[in-house]
Amino acid sequence: MQALVTPEWLHGRLNDEKTVVVDCRFLLNNPEAGESAYRQDHIPGAFYFHLERDLSGEKAEHGGRHPLPPVDRLAALFSRVGIDESVTVIAYDDQEMSMAGRLWWLLRYLGHERVAVLDGGYAAWKRAGYPVTAELPAAVPRTFVPRVQAHMLADVNGVRERGADTVLLDSRAIERYRGEQETIDPVAGHIPGALPFFYKDNLTADKTMKDAESLKARVAPFAGKEIIVYCGSGVTACTNLLALHVAGRPDAKLYAGSWSDWITYPENPIATGDE
């Protein structure tokens, strides 16, 4: 399935019982803001998934700030809102498609390919003049059967031991990549050898994804190479993974623990500045 859909596409399928819409709005500096906004208004029929309660696991010594949830917990969550192999899932947010991208990646990681992200998020929906509501939806539970796609995931060892033909892309702002500014994680810098690939550079001024040809040009230097993408905690990297998918590179892997996992290993080297 295509990675992105337009508001017009989604509006035409709102009453389809085999389409499940999920609101993923979330602010890292205000964890309850997304759900509060959802309760004020959302796309009709949309359920709400919270990044930290629903789409992340419990924090531990390693694994980063937003570790992957246990597979059985995700399967129970998806089943509860009526997602099975026959259902198409559309995710949206208001955070440059990174929170929705996290759900998109998680579903695909568990073998569910019928999932896409609303291009431009909730703002694009409202700009188009489509209806919103505060009414909470009623779920029709189904049984989600996970089929883990382990090849989509890179762990810390995979990043350490990557070969010369593997490109490691850092999705964070250039100031964080260089180690000039770090307001979230306790250590500044980047993984040695990583290239800066800021996730917002995939977007137009209205926060929709750039066209496929522009994205293909951006990733052209990585032709024939394996790609691993990371960010601070495995969330904004998903906007890059969406862009890579649109550009014809659906094989790119996510280092889910990302920078916040890397720095929990004292033996891991850290680089600063430009390389």
message: If hydrophobic clusters are built by linking Ile, Leu, Val, Met, Phe, Trp and Tyr wherever their side-chain heavy atoms come under 4.5 Å apart, do Trp105 and Ile83 end up in the same one?
response: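 They do share one cluster, since a chain of ILVMFWY contacts under 4.5 Å joins Trp105 to Ile83.
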task: Using the rule that two of Ile, Leu, Val, Met, Phe, Trp, Tyr join whenever any of their side-chain heavy atoms come within less than 4.5 Å, decide whether Val117 and Leu110 are in one cluster.
output: yes
Any ion pair linking [Y] and [X] (charged N to carboxylate O, less than 4.0 Å)?
X      : Y      : answer
Arg172 : Glu182 : yes
Asp54  : Arg73  : no
Arg25  : Asp23  : yes

query: According to the side chain to side chain donor-acceptor pair (under 3.5 Å) rule, which pairs have a member within residues 214-226, sequence neighbours left out?
result: Thr166-Glu226, Asn202-Arg218, Asp211-Ser214, Glu226-Lys253
Contact summary for [X] and [Y], nearest pair of heavy atoms:
X      : Y      : answer
Leu51  : His66  : CD2-NE2, 3.7 Å
Leu55  : Leu106 : O-CD1, 3.8 Å
Arg108 : Pro250 : NH2-O, 3.8 Å
Pro196 : Ile174 : CB-CD1, 3.7 Å
Arg65  : Ile184 : CZ-CG2, 3.2 Å

Indicate yes or no for a side-chain donor-acceptor contact from [X] to the backbone of [Y] under 3.5 Å, with no hydrogens or angles considered.
X      : Y      : result
Ser258 : Cys231 : yes
Thr88  : Arg114 : no
Gln95  : Phe26  : yes
Arg249 : Leu244 : no
Arg39  : Glu35  : no
Asp93  : Ala100 : yes
Asp274 : Arg178 : no
Ser260 : Gly257 : yes
Asp261 : Gly63  : yes

Output a table of donor-acceptor pairs, distance under 3.5 Å, between side-chain atoms of residues 265-273 and any protein atom two or more places apart or on a different chain; print 'none' if there are none.
from	atom 1	to	atom 2	distance (Å)
Glu267	OE2	Arg160	NH2	3.1
Asn268	OD1	Arg160	NE	2.8
Asn268	OD1	Arg160	NH2	3.2
Asn268	ND2	Trp262	O	3.0

task: Could you walk me through whether Val22 and Tyr48 pass the side chain to side chain contact (heavy atoms under 4.5 Å, CB included) test, one step at a time?
output: CA-CA 6 Å; Val22 182; Tyr48 182 75; over 6 Å; no
message: Do Arg102 and Trp104 form a cation-pi contact, if we require the NZ or CZ to be under 6.0 Å from the six-membered ring centre and within 45 degrees of the ring's axis?
response: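 Cation-pi check for Arg102 and Trp104: fails.
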- prompt: Above 12 or not: heavy atoms from other molecules or residues under 6.0 Å from CG of Asp206?
  reply: yes
query: Under a 4.5 Å cut-off applied to non-hydrogen side-chain atoms, are Arg13 and Val5 in contact?
result: no
- request: Please work out whether the ring planes of Tyr38 and His42 are parallel, tilted or perpendicular, with thresholds of 30° and 60°.
  value: parallel
query: Can you list every ring pair (Phe, Tyr, Trp, His ring centres under 6.0 Å) pair that touches residues 67-98, not counting sequence neighbours?
result: Phe78-Phe144, Tyr92-Tyr122
Show me the donor-acceptor pairs within less than 3.5 Å that the side chains of residues 135-142 make with the rest of the protein, sequence neighbours left out.
from	atom 1	to	atom 2	distance (Å)
Arg142	NH1	Gly82	O	2.8
Arg142	NH2	Glu17	O	3.4

Pairwise salt bridge (Lys or Arg N to Asp or Glu O under 4.0 Å) hits with a residue in residues 230-242, at least two apart: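 Matches after skipping sequence neighbours: none remain.
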task: State which residues pass side chain to side chain contact (heavy atoms under 4.5 Å, CB included) with Pro131; sequence neighbours excluded, sorted by chain then number.
output: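 Partners of Pro131 under the side chain to side chain contact (heavy atoms under 4.5 Å, CB included) test: His11, Pro44, Trp125.
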